[in-house]
Number of protein chains: 2
Amino acid sequence: MGQKGEALRQRIVVSADQLFYQKGYESTSFSDIADDVGISRGNFYYHFKSKDEILNAVIETRLTEIEQMLNEWSKQYTDPKQRIVEHIDILTNHQDKIKNHGCPVGSLCAELAKQNHSMLRDANKMFAVQRDWLTVQLKELGLGKEARQVAMHLLARSQGIATLTNAFEDQNFLRQEVKQLKQWLGEQIQGQNKNGN
Amino acid sequence: MGQKGEALRQRIVVSADQLFYQKGYESTSFSDIADDVGISRGNFYYHFKSKDEILNAVIETRLTEIEQMLNEWSKQYTDPKQRIVEHIDILTNHQDKIKNHGCPVGSLCAELAKQNHSMLRDANKMFAVQRDWLTVQLKELGLGKEARQVAMHLLARSQGIATLTNAFEDQNFLRQEVKQLKQWLGEQIQGQNKNGN
DNA sequence: GACTAATTAGGACGACTGTATTATTTTGCA
DNA sequence: TGCAAAATAATACAGTCGTCCTAATTAGTC
């Protein structure tokens with residue numbers, strides 16, 4: 001695989017990533033991706049020998065991007081609370097896309113679950129890395145064993161917000177809930193300090 | 001439309017309802033439904049002249065069922081808090097299905113949103129009736145203008161729980177979060193009483 | 001029992017799907 | 001320049017999709 005092939009492969013993954021998010025995995029055909037990339041349909045089989053292989057590449061790419069994002073926040077902010085707030089603000093920063101297409105992670109997992117697709121176990125790693133990162137931040141804030149549970153709770157809250165924002169096509173609801181969620185986070189940390197630890 | 005036709009029509013809707021939930025709308029073909037009902041594929045066009053028409057019938061059926069369920073609770077329980085608890089317990093009572101297929105309402109809305117399907121605005125009524133019913137219960141508990149917002153919050157929490165239970169195929173998480181959600185509901189009502197109203 | 005309407009089965013239609021093969025063009029190196 | 005490898009295009013394949021049409025069967029009514 002030379003440079004040119006690798007570059008095109010990357011372009012295919014980028015297009016597939018966007019289309020899977022916008023239209024869903026199954027509704028996105030080879031032709032859709034080919035048209036988006038600007039190559040012939042037949043050229044695909046040189047780079048990916050099945051649709052699942054593209055899905056796998058997309059999941060790996062997203063996973064890497066999520067990890068990079070989280071690492072960057074870990075570097076950029078010293079306050080764990082600020083890091084978590086940054087995570088919550090994903091919703092605000094992508095409210096337009098969420099309104100139209102939901103959460104890229106949640107909607108993909110939902111689709112794969114419905115199709116009994118074995119790659120669900122790869123897709124939900126995109127949640128797992130966020131859960132683990134949030135757990136670390138919460139422990140730095142003084143939480144103990146319950147940190148992981150609180151992290152899952154945070155993810156669930158975000159997912160619920162994304163789902164209803166998408167269903168009602170209502171960004172106002174998203175902003176309203178994000179405000180509440182940040183408030184809840186503050187109380188959670190305050191309560192923890194009260195308990196002394 | 002005679003009796004027999006109406007009966008078969010109903011059987012088609014029931015099968016379509018289940019299959020749309022288990023496999024998703026687009027992944028469910030006419031053949032899938034026909035096989036499930038035990039009729040020929042061609043027979044469909046006598047009862048439904050398009051796939052969207054079946055979807056419409058399914059949504060209407062689900063909507064009616066949801067309304068009946070809520071009305072029954074309004075009759076059966078005098079305490080609005082108990083009614084809301086009953087609503088939360090939907091999650092517990094369907095944890096197996098939710099683990100495998102997510103929330104029937106949330107996952108359908110997500111799919112329709114991804115396909116820019118115009119019937120999303122019909123599908124999200126399944127959320128809206130729940131929101132309105134919860135709003136009534138919360139107002140009976142003494143909440144004011146914020147009741148509607150709290151109702152939406154409750155729905156979002158449920159959706160988040162369903163999404164992650166499905167993605168991680170983990171019912172324990174569901175039970176854990178349901179417990180917390182009920183606790184939160186108690187605090188919410190208590191806090192309301194403190195403020196006097 | 002005859003006639004009309006309701007209902008069902010069966011198959012044809014063109015379009016599209018993921019997959020696969022083959023031929024052609026482009027690239028990089030000796 | 002020449003040649004092997006990489007990359008791309010073009011197209012064929014069998015299957016499935018939603019839709020539609022028609023013929024056959026069943027049911028209800030006089």
Side-chain angles (χ1 to χ4, degrees), chain A residues 1-20 22-59 108 111-112 114-120 122-123, chain B residues 1-20 22-59 108 111-112 114-120 122-123:
Chain A
M1 186 79 68
Q3 280 186 333
K4 199 177 176 187
E6 190 55 42
L8 179 55
R9 194 192 141 94
Q10 203 53 35
R11 278 204 293 148
I12 292 174
V13 172
V14 169
S15 280
D17 189 354
Q18 291 174 351
L19 288 169
F20 289 172
Q22 292 165 8
K23 306 184 45 169
Y25 172 60
E26 211 197 335
S27 294
T28 302
S29 69
F30 275 69
S31 298
D32 291 331
I33 305 173
D35 289 350
D36 195 63
V37 178
I39 59 170
S40 73
R41 213 167 52 259
N43 192 3
F44 262 103
Y45 257 67
Y46 182 75
H47 300 278
F48 299 96
K49 64 172 183 279
S50 78
K51 204 182 172 188
D52 282 357
E53 211 169 280
I54 301 183
L55 174 60
N56 189 58
V58 167
I59 290 176
L108 180 58
E111 187 179 354
L112 296 179
K114 277 227 189 293
Q115 292 164 14
N116 268 324
H117 201 297
S118 62
M119 226 167 279
L120 169 62
D122 298 296
Chain B
M1 186 79 67
Q3 281 185 331
K4 199 177 175 188
E6 190 55 41
L8 180 54
R9 192 192 142 95
Q10 203 54 35
R11 280 203 292 148
I12 292 174
V13 173
V14 169
S15 281
D17 189 355
Q18 292 174 351
L19 288 169
F20 289 173
Q22 292 165 7
K23 307 183 45 167
Y25 171 59
E26 210 197 335
S27 295
T28 302
S29 69
F30 275 69
S31 298
D32 292 329
I33 304 173
D35 290 350
D36 196 63
V37 178
I39 60 169
S40 71
R41 211 167 55 260
N43 193 2
F44 262 102
Y45 257 68
Y46 182 75
H47 300 278
F48 299 96
K49 65 173 183 279
S50 77
K51 204 182 171 188
D52 282 356
E53 211 169 280
I54 301 183
L55 175 59
N56 190 57
V58 168
I59 290 175
L108 180 59
E111 188 178 353
L112 296 180
K114 277 226 189 294
Q115 292 164 16
N116 268 324
H117 201 297
S118 63
M119 226 168 277
L120 169 63
D122 297 297

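We name chains A, B, ... by the order of the sequence lines, and we start the count at 1 in each one.
Between A:Ile33 atom CD1 and D:dT8 atom P there is a gap of 16 Å when expressed in whole angstrom units. B:Phe44 places its CZ atom 12 Å from the P atom of D:dC17, with the value rounded to the nearest Å. For A:Glu6 and C:dG28, the CD to C1' distance is 17 Å, given to the nearest whole Å. Look at CG on A:Asn43: it is 12 Å from C1' on C:dT26, rounded to the nearest Å. In this structure, the CD atom of B:Gln10 is 17 Å from the C1' atom of C:dT7, given to the nearest Å. Residue B:Leu55 contributes atom CG, which lies 14 Å from atom C1' of D:dG18 at whole-angstrom precision. Rounded to whole Å, the distance from CD1 on A:Ile39 to P on C:dT26 is 16 Å. With rounding to whole Å, B:Glu26 atom CD is found 10 Å from C:dT17 atom P.
The closest donor-acceptor contact from the side chain of A:Asp32 to the backbone of A:Ser29 lies under 3.5 Å. Without hydrogens or angle criteria, A:Glu111 side chain to A:Tyr25 main chain gives a donor-acceptor distance under 3.5 Å.
In this structure, of D:dG18, C:dT19, C:dA9, it is D:dG18 that holds the atom nearest to the side chain of B:Phe30. The listed nucleotides are C:dT19, D:dG18, C:dA6; the one nearest the side chain of B:Lys51 is D:dG18. Nearest to the side chain of A:Arg41, among D:dA9, D:dT19, D:dT11, sits D:dT11. The nucleotide whose nearest atom lies closest to any side-chain atom of A:Tyr46 is, among C:dT8, D:dA7, C:dA9, D:dA7.
In this model, the phosphate group of D:dC20 is approached by a side-chain N or O of B:Tyr45 to a distance below 4.0 Å at OP1 or OP2. At the phosphate of D:dA6, neither OP1 nor OP2 sits under 4.0 Å from any side-chain N or O atom of A:His47. Look at A:Ser31 and you'll find a side-chain N or O under 4.0 angstrom from OP1 or OP2 of C:dT17. At D:dT16, none of the side-chain N or O atoms of B:Ser29 fall inside 4.0 Å of OP1 or OP2 (strictly under the cut-off).
With rounding to the nearest 0.5 Å, the separation of OH in B:Tyr46 from CD1 in B:Ile39 is 12.5 Å. Here A:Phe30 contributes atom CZ and A:Ser50 contributes atom OG; the two are 6.5 Å apart, rounded to the nearest 0.5 Å. Here CD of A:Glu26 is found 3.0 Å from OG of B:Ser27. Values are rounded to the nearest 0.5 Å.
Along DNA chain C, the nucleotide closest to B:Arg11 and the one closest to A:Asp32 are compared, and the more 5′ of them pairs with B:Arg11. Between A:Ser27 and A:Lys49, the residue anchored closer to the 5' end of DNA chain C is A:Ser27, taking for each the nucleotide with the nearest heavy atom.
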